[in-house]
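Note sheet for the following structure.
Because only heavy atoms are used, hydrogens play no part in the values below, and waters and symmetry mates are left out as well, while side chains stay in.
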Amino acid sequence: MSPAPEHDGDGRSIGQLFAAATAEVSALVHDEIALAKAELRADAKRAAMGSAALVVALALAVFAMPMGSLALAYVIHRSGLPLDASFGIVFGGFVLVAVVLILLAIGRFKKVKKPELSITSAKETAAVLQKAKPHPRPAEPTDAKAIEAKM
């Protein structure tokens, strides 16, 4: 049986080819991570805007009752409206603003989507790497097994 050649057709050794392949796989993995980061960064900005709108809506909802009550106490004295109508008008205004902000937040959250390009690229890379076949290791010489057994 003849030994395996140390060089391929273009003059590079197997070690050089292996190093080049390892560097290319490493670069591919780094590029896929960068792609995933870019996609997630854009979606994170959308989610942050939606979250901010939701926080403002919740703050308005929490402060709507006391603010409405205080404001309406002054209105009652000035306009002569019934107490229940005055409280209802101011409270309804705050609730309307809160509903608009909640709808805005829901619209922002619906625009957030999974990183399709990263998932597709990772699946393609995994498919290519699964097709790669490892080279069989050379069998250990029997002398080496005998030396290990004595130790």
Side-chain angles (χ1 to χ4, degrees), residues 3-140 144 148:
E6 289 187 28
H7 298 280
D8 68 348
D10 67 354
R12 294 192 294 174
S13 70
I14 293 175
Q16 291 170 332
L17 290 173
F18 183 75
T22 303
E24 289 178 15
V25 168
S26 177
L28 177 64
V29 169
H30 288 301
D31 289 345
E32 286 187 12
I33 290 171
L35 175 63
K37 283 181 182 178
E39 284 185 303
L40 292 175
R41 195 173 294 124
D43 283 340
K45 286 180 184 178
R46 287 190 205 108
M49 290 298 294
S51 297
L54 187 59
V55 166
V56 170
L58 291 174
L60 284 176
V62 166
F63 293 115
M65 295 301 291
M67 290 296 292
S69 298
L70 291 174
L72 287 177
Y74 292 109
V75 173
I76 292 169
H77 289 294
R78 287 191 205 151
S79 66
L81 288 174
L83 184 61
D84 57 348
S86 299
F87 273 99
I89 291 170
V90 173
F91 179 74
F94 280 113
V95 169
L96 181 64
V97 170
V99 166
V100 168
L101 288 173
I102 288 172
L103 292 175
L104 176 69
I106 290 171
R108 295 285 181 172
F109 284 133
K110 285 185 178 181
K111 290 181 180 178
V112 175
K113 52 190 169 189
K114 59 186 176 182
E116 296 288 340
L117 295 175
S118 297
I119 292 171
T120 303
S121 178
K123 285 181 181 179
E124 289 173 358
T125 301
V128 168
L129 292 177
Q130 284 179 349
K131 292 178 184 175
K133 296 181 182 176
H135 296 287
R137 292 185 178 191
E140 289 185 12
E148 287 179 10

Looking only at non-hydrogen atoms, find the nearest pair between A98 and A57 and report the distance. O-CB, 3.9 Å
If you look at every heavy atom in A47 and F109, which pair is closest and at what distance? O-CE2, 3.7 Å
Drop me the distance from [X]'s [atom1] to [Y]'s [atom2], to the nearest 0.5 angstrom.
X    : Y    : atom1 : atom2 : result
L28  : E124 : CG    : CD    : 10.0 Å
K110 : I106 : NZ    : CD1   : 7.0 Å
S13  : Q16  : OG    : CD    : 3.5 Å
L101 : L58  : CG    : CG    : 9.5 Å
S118 : L40  : OG    : CG    : 6.5 Å

Please identify each residue that fulfils salt bridge (charged side-chain N to carboxylate O under 4.0 Å, His left out) with D43, with sequence neighbours left out. R46
Enumerate the residue pairs fulfilling salt bridge (charged side-chain N to carboxylate O under 4.0 Å, His left out) with a member in residues 114-123, sequence neighbours excluded, ordered by first and then second residue. none
Compute whether any side-chain donor of one residue and acceptor of the other, for E32 and T125, lie under 3.5 angstrom apart. yes
Note, K37 side chain near R41 side chain (heavy atom, < 4.5 Å): yes
